[in-house]
Amino acid sequence: MNQSHPAAALVRLLDGFSEWTGRLIAWLTLLMVVVTFVVVVMRYVFEQGNIALQESVIYMHSFVFLLGAAYTLKHDGHVRVDIIYRPLSEKGKGWINLFGTLFLLLPVCVFLFWISWEYVATSWELREGSQEAGGIAYRYILKSALLAMPVMMIMQGVAELLRSLLVISGKTHLPPAEEEHAL
């Protein structure tokens with residue numbers, strides 16, 4: 001990427017944010033496994049339940065998917081019709097990425113933010129907690145991820161949009177495709 005171009009600097013900044021948040025959020029998957037193990041041991045070995053621990057697994061799962069979406073976009077991990085995309089030239093891929101970002105990603109993210117706003121605001125207003133006795137008292141924080149996800153996706157979408165424009169104008173190249181690992 002042309003390091004001196006202002007758009008390239010913004011792409012690096014936005015990519016860096018998505019990379020940092022994605023790597024941070026990824027640690028929740030390990031924590032989820034540990035907490036699930038603890039819940040199972042508590043239930044079947046000690047015959048004890050813990051609603052808050054059980055709910056925390058749901059919270060972590062939600063955070064991984066909602067807050068990890070921009071990281072996945074950065075690494076080109078979302079669904080695409082590869083039969084059409086893969087054989088295209090780099091500029092052709094740039095055009096597909098540009099139109100996909102402009103006419104699909106950004107409008108959907110704006111809509112998600114808009115449609116979630118009142119739902120999340122009401123939850124904050126009520127300081128909504130768990131419906132279960134002994135559950136997590138901060139459901140409004142979980143629901144806030146419904147606003148954070150589209151914001152983070154829009155930020156990464158801007159990076160993808162600028163990267164596509166730089167590719168189309170010949171100022172940079174698409175990042176190399178990450179190798180697919182066969183099971």
For Glu128, salt bridge (charged side-chain N to carboxylate O under 4.0 Å, His left out) partners two or more places apart: Arg139, Lys143

Whichever hydrophobic residues join Val33 through chains of side-chain contacts under 4.5 Å: none

From Glu160 atom CD to Leu102 atom CG, the distance as rounded to the nearest 0.5 Å: 12.0 Å

Partners passing side-chain contact (heavy atoms from CB on, under 4.5 Å) against Thr72 (at least two apart in sequence or in another chain): His78

Could you list the donor-acceptor pairs under 3.5 angstrom formed by side chains in residues 48-56, with sequence neighbours left out?
from	atom 1	to	atom 2	distance (Å)
Asn50	OD1	Ala52	N	3.1
Asn50	OD1	Leu53	N	2.9
Glu55	OE1	Ser130	OG	3.2
Glu55	OE1	Ile136	N	2.8
Glu55	OE2	Ser130	OG	2.5
Ser56	OG	Leu53	O	2.6

Intermediate values then yes/no, side-chain contact (heavy atoms from CB on, under 4.5 Å), Arg163 and Asp15: CA-CA 10 Å; Arg163 185 181 349 270; Asp15 276 350; 2.9 Å; yes

Residues which pass side-chain contact (heavy atoms from CB on, under 4.5 Å) with Tyr71, listed by chain and number, not counting sequence neighbours: Glu19, Arg23, His75

Listed partners of Ala137 passing side-chain contact (heavy atoms from CB on, under 4.5 Å), at least two apart: none

Side-chain donor/acceptor of Ser123 to backbone N/O of Tyr119, under 3.5 Å: no

Partner set under side-chain hydrogen bond (donor to acceptor under 3.5 Å, both in side chains) for Ser18, not counting sequence neighbours: Gln156

Exceeds 12 heavy-atom contacts within 6.0 angstrom, atom CZ of Phe63: yes

Transitive ILVMFWY cluster of Leu24, excluding itself - 4.5 Å side-chain cut-off: Trp20

Pairing residues for Phe113 by the ring pair (Phe, Tyr, Trp, His ring centres under 6.0 Å) criterion, not counting sequence neighbours: Trp117

Rounded distance [0.5 Å steps], CG in Leu88 versus CD1 in Ile96: 5.5 Å

Connected-component partners of Phe46 among ILVMFWY, side-chain separation under 4.5 Å: Phe37, Val41, Val45

Which residues share a side-chain contact (heavy atoms from CB on, under 4.5 Å) with Val108, sequence neighbours left out: Leu112

Residues which pass side-chain hydrogen bond (donor to acceptor under 3.5 Å, both in side chains) with Trp95, listed by chain and number, not counting sequence neighbours: none

